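A short write-up of the structure that comes next.
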Amino acid sequence: MPARMLPPLVIAKSVPRNADVLVVGMSETGVREVPDAIGRAFAKRFGISVREMAASLGARASADSKRTLPAAADGPRIVVVGLESEQPNAEDLRRAAGAGVRHAASLTESGGLSIAVSLGPASPEQLTAVAEGALLGTYNYEPISAEPAKSGAVEAITVINSGDVKDADIAETAKTVAQAVVTVRELVNIPANLLYPESFAEQVRNLVDGGKIAVDVLDETALLQGGYGGLMAVGGGSSRPPRLVRLGYSPRGAKFHLALVGKGITFDTGGLNLKPAEGMYAMKCDMAGAATVLVAAHAIAELGLKLRVTAYGALAENMPSGSAYRPSDVLTIYGGKTVENGNSDAEGRLVMADALARAGEDHPDLVIDVATLTGACVVALGERTAGLMT
């Protein structure tokens with residue numbers, strides 16, 4: 001998987017002269033944080049303020065509101081995005097920045113845009129969120145094709161720090177976090193004929209190569225010898241055997257140990273409890289939990305956090321065949337607990353049981369697991385809200 005490169009980002013006190021688009025926010029009281037020079041030039045050319053024109057074009061404070069205003073003289077065009085709240089939190093600002101940059105990128109087909117984002121004075125956390133959102137707003141899915149990929153529409157991003165925030169590390173932190181998110185998106189989008197347990201493990205090896213993370217991959221022989229009955233059962237129906245990936249990051253001085261465990265079903269047919277055809281297409285995404293935790297561990301190491309992290313990715317492909325596990329099979333999970341399988345389309349909890357039991361042997365202070373375990377969660381909570389059990 002070639003790394004998707006994000007455009008360069010800088011934190012600055014003013015809008016650069018070469019900016020093509022300026023993204024500003026709209027709250028209930030109107031447009032905010034338009035730099036004075038741009039506001040004066042706009043009023044001189046059009047006879048009304050940015051706030052008045054935005055209101056006349058129907059700009060609102062709601063998160064789905066985006067309006068484009070023309071440029072004054074040789075200044076940038078202005079994109080007005082809703083901030084959702086009069087006092088937006090970090091997530092409101094992250095979403096607004098992303099929406100603004102995505103909308104700005106859609107204004108041209110030629111690429112090469114320089115975009116400035118000015119959403120107001122903020123805390124370090126909020127300014128970081130704006131920078132992350134702006135970078136993530138540049139991402140677009142590129143399908144695998146014989147056609148050469150188009151260059152990105154956005155060439156450079158400037159986040160305006162209009163307050164007194166010390167911004168020395170904010171840009172680098174935002175780049176690391178945004179790059180991690182983009183890496184997970186790319187992994188989730190890879191089709192299952194190209195991303196399967198063995199190749200997924202190699203992708204992770206390549207990602208952490210040369211860094212501060214130790215990597216260990218258990219193949220099918222090691223899994224069988226180690227008693228990983230969940231992974232071996234779920235992966236047993238596929239010609240592509242399972243893997244367990246373990247990443248370890250132990251910086252000097254760390255006093256807290258975090259374990260991350262992720263479900264990595266690279267394709268889920270449902271096994272012998274076969275899914276209906278219409279429910280099958282997106283099952284290449286059933287490895288999103290493993291991608292999330294493994295890339296998160298890498299990002300934590302890249303950021304140099306004083307936190308010991310052990311991450312596990314339980315990787316398997318759930319396929320129907322003569323060697324597939326059956327409903328009513330009794331499996332022995334890692335550590336010796338026996339489980340009767342009732343439905344081979346409930347495979348996630350079986351591979352997670354192996355990985356969670358193994359993670360417990362590391363005696364972490366906290367275990368967080370991430371998994372796409374059931375479509376019922378989407379039915380109950382919708383597409384934007386994650387279910388959490390704690």
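Not measured: the values here are computed from a predicted model.
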Around [X], counting heavy atoms of other residues, nucleotides and ligands shown, do more than 12 lie under 6.0 Å from its [atom1]?
| X | atom1 | result |
| --- | --- | --- |
| Lys166 | NZ | no |
| Tyr141 | OH | yes |
| Glu28 | CD | no |
| Glu361 | CD | yes |

Would you find a donor on one side and an acceptor on the other, under 3.5 Å apart, between the side chain of [X] and the backbone of [Y]?
| X | Y | result |
| --- | --- | --- |
| Ser65 | Ala61 | no |
| Ser114 | Asp20 | no |
| Gln225 | Ala222 | no |
| Asp354 | Leu231 | yes |
| Ser106 | His103 | yes |
| Glu172 | Asp169 | no |
| Glu220 | Pro241 | no |
| Ser118 | Val24 | no |
| Asn206 | Glu202 | yes |
| Tyr249 | Leu307 | no |

I'd like to know whether Leu244 forms a side-chain contact (heavy atoms from CB on, under 4.5 Å) with Leu223, so could you lay out the CA-CA distance, the side-chain angles of the two residues, the decisive distance to 0.1 Å, and finally the verdict.
CA-CA 8 Å; Leu244 181 66; Leu223 291 171; 3.8 Å; yes
Looking only at heavy atoms, what is the nearest atom pair of [X] and [Y], with distance?
| X | Y | result |
| --- | --- | --- |
| Ser323 | Gly237 | OG-CA, 3.7 Å |
| Gly262 | Val293 | N-CG2, 3.5 Å |
| Leu9 | Ala131 | CD1-O, 3.7 Å |
| Lys284 | Asn189 | NZ-O, 3.0 Å |
| Ala314 | Ala355 | CB-CB, 4.1 Å |
| Pro76 | Ala19 | CB-O, 3.5 Å |

Could you tell me if the side chain of [Y] sits less than 4.5 Å from the side chain of [X], heavy atoms only?
| X | Y | answer |
| --- | --- | --- |
| Asn341 | Arg326 | no |
| Ile78 | Val21 | no |
| Ile160 | Ile11 | no |
| Gln203 | Leu195 | yes |
| Leu22 | Val79 | no |
| Pro191 | Ile144 | yes |
| Tyr312 | Leu294 | no |
| Ile265 | Met287 | no |

Check ion pair [X]-[Y] (N to O, under 4.0 angstrom):
| X | Y | answer |
| --- | --- | --- |
| Lys263 | Glu347 | yes |
| Asp345 | Lys275 | yes |
| Arg246 | Asp362 | yes |

Hey, could you give me the [atom1]/[atom2] distance between [X] and [Y], rounded to the nearest 0.5 Å?
| X | Y | atom1 | atom2 | value |
| --- | --- | --- | --- | --- |
| Phe46 | Glu52 | CZ | CD | 13.5 Å |
| Glu91 | Gln126 | CD | CD | 12.0 Å |
| Leu107 | Leu113 | CG | CG | 7.5 Å |

Does the pair Lys337 and Thr332 meet the rule for a side-chain contact (heavy atoms from CB on, under 4.5 Å), with working shown?
CA-CA 6 Å; Lys337 185 176 286 294; Thr332 303; over 6 Å; no
With side chain to side chain contact (heavy atoms under 4.5 Å, CB included) as the test, pick out the partner of [X] among [options].
| X | options | result |
| --- | --- | --- |
| Gln179 | Val181, Thr183, Thr176 | Thr183 |
| His298 | Val309, Ile213, Leu247 | Ile213 |
| Leu83 | Arg32, Arg95, Met26 | Arg32 |

Spell out, yes or no, whether [X] and [Y] are grouped together once hydrophobic residues are joined by side-chain heavy atoms under 4.5 Å, including indirect joins.
| X | Y | value |
| --- | --- | --- |
| Leu194 | Phe200 | yes |
| Val188 | Leu373 | no |
| Val370 | Ile300 | yes |
| Val367 | Val245 | no |
| Leu260 | Leu366 | yes |

For a side-chain hydrogen bond (donor to acceptor under 3.5 Å, both in side chains) check, start with the C-alpha distance between Thr29 and Glu86, then their side-chain angles and the critical distance, and finish with the verdict.
CA-CA 8 Å; Thr29 56; Glu86 196 62 40; 2.8 Å; yes
Axial cation check for Tyr139 ring with Arg185, 6.0 Å and 45° limits
yes
Hey, mind stepping through Ser344 and Asn273 against side-chain hydrogen bond (donor to acceptor under 3.5 Å, both in side chains) and telling me if it holds?
CA-CA 6 Å; Ser344 64; Asn273 292 101; 3.0 Å; yes
Working for side-chain contact (heavy atoms from CB on, under 4.5 Å), residues Asp92 and Asn89
CA-CA 5 Å; Asp92 294 332; Asn89 59 30; 3.2 Å; yes
Residues 53-79 vs salt bridge (charged side-chain N to carboxylate O under 4.0 Å, His left out), sequence neighbours excluded, gives Arg60-Asp64
Would you check, one step at a time, whether the test side-chain contact (heavy atoms from CB on, under 4.5 Å) holds for Thr138 with Ile157?
CA-CA 10 Å; Thr138 68; Ile157 294 175; 3.6 Å; yes
